[in-house]
Protein chains: 2
Amino acid sequence: MRQNLAGHSIIESITTSTDLIMNHPAILASVRKPLPASLLHALQALLEDRCSIALAVREHHGRDESSYDPMPPEAVVFVQSTEEVAEVLRLCHAHDVPVIPYGAGSSLEGHILALHGGVTIDLSQMNSMIAVHAEDLTATVQAGVTRKQLNTEIRDTGLFFPIDPGADASLGGMAATRASGTNAVRYGTMRENVMALTVVTADGRIIRTGSRAKKSSAGYDLTRVFVGSEGTLGIITEVTVKLYPLPEAISAAVCSFPDNADAVNTVIQTIQMGVPIARVEFLDANGVRAINAHDKLNLPVKPLLLFEFHGTEHGVKEQAELVQEIAAANGAGDFEWATKPEDRSRLWAARHNAYFALLQLRPGSRSISTDCCVPISRLAECISETQIDCENHGITYSIIGHVGDGNFHVLMLVDPDSAEEIAVAESINQRMVTRAIAMDGTCTGEHGVGIHKMGFLIEEHGADAIHMMRLLKHAFDPKNILNPGKIIAWDEAEE
Amino acid sequence: MRQNLAGHSIIESITTSTDLIMNHPAILASVRKPLPASLLHALQALLEDRCSIALAVREHHGRDESSYDPMPPEAVVFVQSTEEVAEVLRLCHAHDVPVIPYGAGSSLEGHILALHGGVTIDLSQMNSMIAVHAEDLTATVQAGVTRKQLNTEIRDTGLFFPIDPGADASLGGMAATRASGTNAVRYGTMRENVMALTVVTADGRIIRTGSRAKKSSAGYDLTRVFVGSEGTLGIITEVTVKLYPLPEAISAAVCSFPDNADAVNTVIQTIQMGVPIARVEFLDANGVRAINAHDKLNLPVKPLLLFEFHGTEHGVKEQAELVQEIAAANGAGDFEWATKPEDRSRLWAARHNAYFALLQLRPGSRSISTDCCVPISRLAECISETQIDCENHGITYSIIGHVGDGNFHVLMLVDPDSAEEIAVAESINQRMVTRAIAMDGTCTGEHGVGIHKMGFLIEEHGADAIHMMRLLKHAFDPKNILNPGKIIAWDEAEE
């Protein structure tokens with residue numbers, strides 16, 4: 001039974017609808033202890049008014065964009081330097097108190113819930129640019145710098161940072177969840193685009209995990225160990241990323257299809273032909289209906305692909321012609337081009353707003369979002385079976401995705417007071433993930449594990465691989481103070 | 001003092017020239033014990049005549065392409081399946097006996113020397129294709145499949161595997177050393193191109209580290225933990241890699257420059273402009289002289305760039321025109337085009353033979369090769385200072401490199417009987433690596449650490465990062481049986 005800050009039970013029973021979401025083994029296993037007074041005093045002495053125990057501050061930091069109710073930490077500290085993070089870690093380590101890193105709060109799977117209380121480290125004030133090496137196509141930033149801020153700061157260099165998960169997430173958070181988004185089909189994910197990290201370890205050591213060399217065989221790949229570790233192996237305080245020259249030409253287009261399969265098959269064939277497309281996003285008819293209403297667009301209410309091409313003037317033209325041929329063979333309508341930057345921005349803003357637009361299709365609803373990724377040849381089949389599953393269960397849903405990577409999401413709009421709807425949505429999610437894993441895909445393409453996907457992680461990797469992950473966790477965080485209860489259970493017996 | 005198989009000292013003194021190479025802390029710390037008879041009997045029962053204790057077999061497996069003298073294992077087993085590897089690991093684990101994986105024997109830094117005796121696992125008979133998913137642009141192979149074999153096996157699919165370290169290395173070995181080579185500037189290294197591995201752990205568990213999904217945020221990146229781990233964390237038995245559509249058009253050209261700096265600056269500017277060049281290789285005048293003699297070419301004996309462009313017909317033309325402009329501005333001569341496939345093959349064969357060609361510049365010599373990688377803007381400076389250092393010491397040398405990545409090698413031809421020459425070469429290497437690290441580069445771009453670069457690893461990453469690497473090693477291999485003595489010393493005190 002979960003306890004609140006005062007030690008009272010905050011789940012009195014598990015018979016109400018919300019409990020179907022909150023009744024997660026990691027949440028039920030959570031145990032919180034009051035913060036030792038000596039630790040609180042030390043943190044206050046170190047950070048003064050940048051250490052808060054105000055309820056509103058704690059509640060704000062105890063939730064993300066997932067469906068979970070807030071689970072606030074006991075204190076929130078607002079750090080401004082790597083050295084401060086190291087000192088906070090040394091103090092918490094000495095007191096056996098959990099620490100949870102917090103960037104922009106935009107994670108989706110319960111990553112930052114303070115399951116076991118402790119101290120949340122808010123890195124948003126660590127928002128300084130450390131170095132832009134335009135001549136090397138790299139930038140080093142503090143972890144709290146957001147992707148939009150980064151692109152604003154480098155706008156005069158002729159370079160850009162392509163990773164775009166939709167939300168204006170922090171670079172530290174994006175590294176910690178191995179984020180990707182719309183440009184990944186061409187430019188890769190945070191896995192490929194982080195060159196080096198500064199990380200504070202559980203016991204307060206400060207390490208740098210790599211260099212600015214484009215490649216290296218110098219020992220274990222600590223950078224990739226921490227990318228995607230969701231704060232459970234160390235706290236990322238600085239991030240060095242790759243930048244790319246702004247393409248000479250960019251063009252974007254939308255194109256409607258008779259049904260989902262036609263759109264998805266167009267993408268599959270485009271990828272198989274090796275067209276270096278920069279973005280290709282899929283929205284089903286419900287998704288289109290939602291963004292039409294939300295963003296005052298007049299797109300045909302049919303399955304839609306949204307393309308972006310990057311290259312030389314001629315290269316973009318070549319790519320577009322090839323993709324138009326493929327699309328036409330799959331029954332597509334005409335391409336509608338967005339040639340002006342403001343038209344492109346409007347289209348992409350609409351795409352990024354799809355989540356919020358969809359919520360308005362059913363006022364008062366909560367979205368249960370899902371995330372899976374399969375080998376490209378299986379994508380049409382995976383989406384089709386998932387669509388049928390949704391239709392068979394009469395749920396309000398939309399399928400959207402970064403289909404060039406084989407990655408898609410189902411957003412299901414449920415009545416938060418309906419235990420039945422929530423159960424149906426979770427069962428659809430369960431079957432979708434099982435389907436993706438059976439196709440040699442993954443239970444999460446980009447959202448991460450948090451607490452929501454912990455069970456699927458075992459299904460995907462098997463007990464022996466999870467055992468190796470656990471060895472890594474135990475080695476790097478022997479006191480289990482780093483975002484405890486996330487990704488994998490501490491003991492095999494807790495699974 | 002190192003001991004031979006019978007327990008006798010095999011380095012009676014460290015005053016001879018060879019000892020300057022062999023006098024490595026990891027070698028001096030090596031201690032070898034006879035194989036327990038019960039283990040040998042169990043291995044023979046399992047593998048019959050695929051378990052050898054013949055001296056010639058052991059000596060063949062106790063050396064790589066580095067300058068080190070052979071350090072043979074006590075036995076060599078030739079495995080044919082992942083299950084056999086797992087059984088060998090379980091046996092060696094139970095007997096506390098080291099295991100060393102062996103692919104093609106083409107590593108360069110002493111990776112496969114049996115420092116502490118034990119059992120070498122030769123994976124070359126594990127050379128089956130497991131699955132080619134052309135529709136997903138992936139292939140899964142047993143670890144002993146070589147890169148040339150892979151490309152032969154998939155020649156009818158219209159796809160290719162681009163990673164090309166020169167040697168016909170095994171995919172398992174390439175993954176284990178995080179190899180790259182000539183195509184990495186466009187297609188990345190093994191870090192980016194391995195999707196999943198099958199790995200046998202120290203205690204004989206079989207895990208798969210990933211899926212065939214193009215991206216994933218599903219927990220710790222075990223794939224990247226094992227890529228580059230040089231057999232010290234687990235034995236790679238299967239590799240799933242990305243494939244790429246053969247480009248519609250390929251063209252290659254060579255171009256000579258007045259001096260090294262002009263050639264390197266051409267590359268720097270090409271990368272900074274974002275030209276998606278597929279290959280760009282640098283050879284200094286000595287390198288050109290060597291391949292002219294070895295491969296019967298008539299290239300001008302001047303610094304040379306060797307380019308390859310991949311794309312559509314028009315795209316390749318655009319790239320080539322842009323690069324020609326940049327080169328001309330840097331004082332280049334005309335581009336000589338190799339348009340026919342056989343001419344291209346001849347050029348690339350010459351490039352790949354450069355190592356052996358150079359050895360013939362000074363018959364009887366041994367090459368001490370080096371490897372570093374720096375941010376692209378520092379490349380001209382790093383090469384120039386290294387060149388001056390070589391000139392000042394009157395050594396026979398050549399600088400060649402995958403310069404598009406900021407990666408280059410100095411090959412130094414030394415008289416193996418001259419302690420002085422070897423000492424000079426090692427001191428040049430030392431200064432080159434220190435220079436690269438000071439430029440925020442790395443001590444090895446692609447060769448790996450083995451034993452040769454262990455000292456530099458600490459210099460590059462710092463003691464605290466090495467501490468984290470050691471935690472990982474201890475967690476995954478608590479008995480220190482996996483290729484012991486490589487990458488990092490087991491105890492901090494041994495460093």
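Note that this is a predicted model, so its numbers are computed, not measured. Below, chains carry the letters A, B, ... as their sequence lines are ordered, and counting in each starts from 1.
Under the 3.5 Å distance criterion, the side-chain polar atoms of A:K214 are matched with a main-chain donor or acceptor of B:V185. When atom types are taken as modelled, the side chain of A:R178 and the backbone of B:Y220 share no donor-acceptor pair closer than 3.5 angstrom. In terms of modelled atom types and a separation under 3.5 Å, the side chain of A:H461 and the main chain of B:A218 share a donor-acceptor contact. Of the possible donor and acceptor atoms, one in the side chain of A:D136 sits under 3.5 Å from a partner among the backbone N and O of B:S377.
For chain B, no part of A:A436 is nearby; none of its heavy atoms comes within less than 4.5 Å. Heavy atoms of A:R191 lying under 4.5 Å from chain B belong exclusively to its side chain. Both the backbone and the side chain of A:E446 come within less than 4.5 Å of a heavy atom of chain B. Using a 4.5 Å cut-off between heavy atoms, A:H402 touches chain B through its side chain atoms alone. Residue contact with chain B, scored on non-hydrogen atoms closer than 4.5 Å, involves the backbone of A:H447 exclusively.
Ranked by heavy-atom pairs under 4.5 Å with chain B, the first of A:H133, A:M273, A:E318 is A:E318. With chain B as partner, the option from A:M439, A:H467, A:E230 having the largest number of non-hydrogen pairs under 4.5 angstrom is A:H467. Counting heavy-atom pairs closer than 4.5 Å to chain B, the top residue among A:I271, A:I206, A:T232 is A:T232. Contact count against chain B (heavy-atom pairs under 4.5 Å) is highest for A:P375 among A:P375, A:G274, A:C373, A:G448.
When all heavy atoms of B:D440 and A:S211 are compared, the pair lying nearest together is O-CB, 3.3 Å.
To the nearest 0.5 Å, the span separating NZ on B:K317 from NE2 on A:H314 amounts to 9.0 Å. The CG atom of B:L472 sits 8.5 Å away from atom CE of A:M468, with the distance rounded to the nearest 0.5 Å.
Side-chain atoms of A:K215 and B:S180 form a donor-acceptor pair, as typed in the model, at a separation below 3.5 Å.
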